Amino acid sequence: MKMKRYFAPDMRQAIRRVREDQGPNAVILSNRRVAGGVEIIAALDYDEALVNQALGAYENSGSPSPTDIEDVSGADASPGIAQANQGASISSIREDLKALRDLMEAPLLQFGWGEMRKVQPLRANLLKRLMTLGLDASLCREIVDQVVQNGEMENGWVAALKLLAGMLPVADDDILSEGGVIALVGPTGVGKTTTVAKLAARFALRHGRRHVALITTDSYRIGAHEQLRTYGRILGIPVQIAGDRDELAAALNHARDRKLVLVDTAGISQRDMHLTEKLSSLNVGEQRIRNYLVLSATAQSQVQNEVIRSFRKAGLHRCILTKIDEAGSLGGTLATLARHGLSAAYVSDGQQVPDDLHPARAEKLVKHAVELMQQHQQAPTEDALAFNFGGLVANAHV
């Protein structure tokens, strides 16, 4: 294959020269306007591998080989134009070839997904249902592969849900039974203060309010102290304010005889450059504080991943899922917990204190995710399914 570059005052003349020189079977690789007219790069017996080889040789040598691309300029084209635009033309070829690959890839993925639906309908249907549940493509593939390996495709949906439940990390400890010093951390607006009130009320009902103490370190939000103080007055539980590490240490020392001490922290963005520094104020020497991340189920999976990665730098013990009653889908949240291995201790499904707080159970979370899927029926598009699973047909076994 031999590529040639043609210059002409207009496109009609350029195409005529290509036809006259290479015939009707020539392939136009790129065309662009340049000073003095237009430029066309054409090839006969087009072969993408040879094009890439030629381009690679050009990049390695720093100059094009005369046998790689030959200039065929018209009388009206200036010789200086070819030299000035030589590098740009090579770059244009690469861009055109990339676009060609992308153009060819989409139909191939569609074909692969279509073949899977015909040849392995059970596998394709299971992948689609798991994506409708809200799981990401990688977790869908992992679950389906395990179902296939276990020979459970005939009852694949139930088997897949059991596998998903087994992947979910849930806490085996219980704040309401064990007590301790617990700090609730997380971004603004995820429900930390309300969750503190729920835990305090539950513990007070079980052990007595004299065994509970509340501390707030939130000195940023207007009215933050008043909100927790209101809960404290209703529950009959003292509330102390700690503006810095020393004040927190003093407040914890004052409450050392309490079985449960709950620390309500200020909301911090996961992108805050000083997040680790701000959370380090919870390290107060002998007092062992366990950090529980409060994670909203309404947040996008990308945001949840970012939140967990950022707050984990400061040390996380468990997490508490909130606002699951407001979520349109729960699968993404479950996939996030499974991916990071962060155990869920409690789930919150409303604003009522103390009713809307429950211990996290994997089976119940999966069941709720399925209920949300059935309510909303937000099935992925065929394009999305083809993009995620179109390349799997060669590796499918059922």
Side-chain angles (χ1 to χ4, degrees), residues 122-177 195 292-305 307-308 312 316-350 356-380 385 388-389 392 397-398:
L122 294 178
R123 183 187 185 93
N125 182 61
L126 186 53
L127 286 169
K128 182 176 181 179
R129 294 186 73 180
L130 289 173
M131 280 207 72
T132 305
L133 191 64
L135 305 183
D136 59 76
S138 61
L139 186 57
C140 291
R141 290 193 292 267
E142 181 180 347
I143 291 175
V144 172
D145 288 343
Q146 188 63 46
V147 171
V148 172
Q149 184 177 345
N150 295 341
E152 299 176 317
M153 280 302 293
E154 291 186 2
N155 198 23
W157 179 238
V158 175
L161 295 181
K162 288 182 179 179
L163 285 171
L164 176 60
M167 293 178 178
L168 293 180
V170 293
D172 54 1
D173 60 351
D174 187 356
I175 295 174
L176 301 181
S177 298
T195 304
Y292 278 65
L293 175 66
V294 181
L295 192 66
S296 172
T298 61
Q300 296 178 345
S301 298
Q302 296 90 334
V303 175
Q304 294 174 343
N305 283 314
V307 168
I308 293 176
R312 212 163 207 170
L316 293 177
H317 186 68
R318 298 284 189 263
C319 79
I320 298 175
L321 291 180
T322 61
K323 302 186 179 182
I324 66 171
D325 56 313
E326 302 176 18
S329 173
L330 197 58
T333 300
L334 302 186
T336 299
L337 295 181
R339 181 182 301 108
H340 291 277
L342 180 61
S343 298
Y346 295 91
V347 296
S348 172
D349 56 2
D356 298 331
L357 185 72
H358 316 281
R361 297 292 181 265
E363 294 78 8
K364 290 185 177 180
L365 286 171
V366 172
K367 180 181 178 181
H368 186 61
V370 173
E371 291 172 351
L372 290 176
M373 180 192 75
Q374 294 171 343
Q375 290 175 13
H376 298 282
Q377 290 293 332
Q378 297 177 346
L385 292 169
N388 286 292
F389 306 122
L392 296 181
H397 304 293
V398 175

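Model, not experiment: these values are computed from the prediction. These numbers come from the heavy atoms of this one structure, side chains and all, not from hydrogens, waters or symmetry mates.
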For the [atom1] atom of [X] and the [atom2] atom of [Y], what is their distance to the nearest 0.5 Å?
X: Leu372; Y: Ser329; atom1: CG; atom2: OG; value: 7.0 Å
X: Met153; Y: Leu122; atom1: CE; atom2: CG; value: 5.0 Å
X: Lys367; Y: Leu330; atom1: NZ; atom2: CG; value: 14.0 Å
X: Glu152; Y: Lys162; atom1: CD; atom2: NZ; value: 7.5 Å
X: Leu139; Y: Met131; atom1: CG; atom2: CE; value: 11.0 Å
X: Gln374; Y: Leu133; atom1: CD; atom2: CG; value: 9.5 Å

Stepwise side-chain contact (heavy atoms from CB on, under 4.5 Å) check, Gln300 with Val303: CA-CA 5 Å; Gln300 296 178 345; Val303 175; 4.3 Å; yes
Step-by-step side-chain contact (heavy atoms from CB on, under 4.5 Å) determination, Tyr346 to Thr322: CA-CA 8 Å; Tyr346 295 91; Thr322 61; over 6 Å; no
Please report the closest heavy-atom contact between [X] and [Y], naming both atoms and the distance.
X: Val170; Y: Ala362; value: CG1-N, 3.8 Å
X: Ser343; Y: Ala171; value: CB-N, 3.9 Å
X: Cys140; Y: Leu130; value: SG-CB, 3.5 Å
X: Ile324; Y: His368; value: O-NE2, 3.4 Å
X: Gln304; Y: Ser296; value: NE2-O, 3.1 Å
X: Arg129; Y: Met373; value: O-SD, 3.8 Å

Sub-4.5 Å side-chain heavy-atom contact between [X] and [Y]:
X: Leu161; Y: Val158; value: no
X: Ile308; Y: Thr336; value: yes
X: His340; Y: Arg312; value: yes

Enclosure of Gln375 CD (heavy-atom neighbours >12, cutoff 6.0 Å): yes
Distance flag, aromatic centroids of Tyr292 and His317, threshold under 6.0 Å: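 So the answer is yes for these two rings.
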Exercise: do Asn150 and Gln146 side chains pair donor with acceptor under 3.5 Å: yes
CA sep, side-chain torsions, deciding dist, call: Arg123, Asp145, salt bridge (Lys or Arg N to Asp or Glu O under 4.0 Å): CA-CA 9 Å; Arg123 183 187 185 93; Asp145 288 343; 2.8 Å; yes
Residue pair Cys319, Leu337: steps toward the side-chain contact (heavy atoms from CB on, under 4.5 Å) verdict: CA-CA 9 Å; Cys319 79; Leu337 295 181; 3.8 Å; yes
Side-chain donor or acceptor of Arg339 paired with backbone N/O of Leu334 under 3.5 Å: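 No: the side chain of Arg339 does not pair with the backbone of Leu334.
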Candidate pair Leu295 and Val307, rule side-chain contact (heavy atoms from CB on, under 4.5 Å), full reasoning: CA-CA 8 Å; Leu295 192 66; Val307 168; 4.1 Å; yes
Cationic N near anionic O, under 4.0 Å, Lys323 to Asp349: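 Not counted as a salt bridge, because no side-chain N and carboxylate O are separated by less than 4.0 Å.
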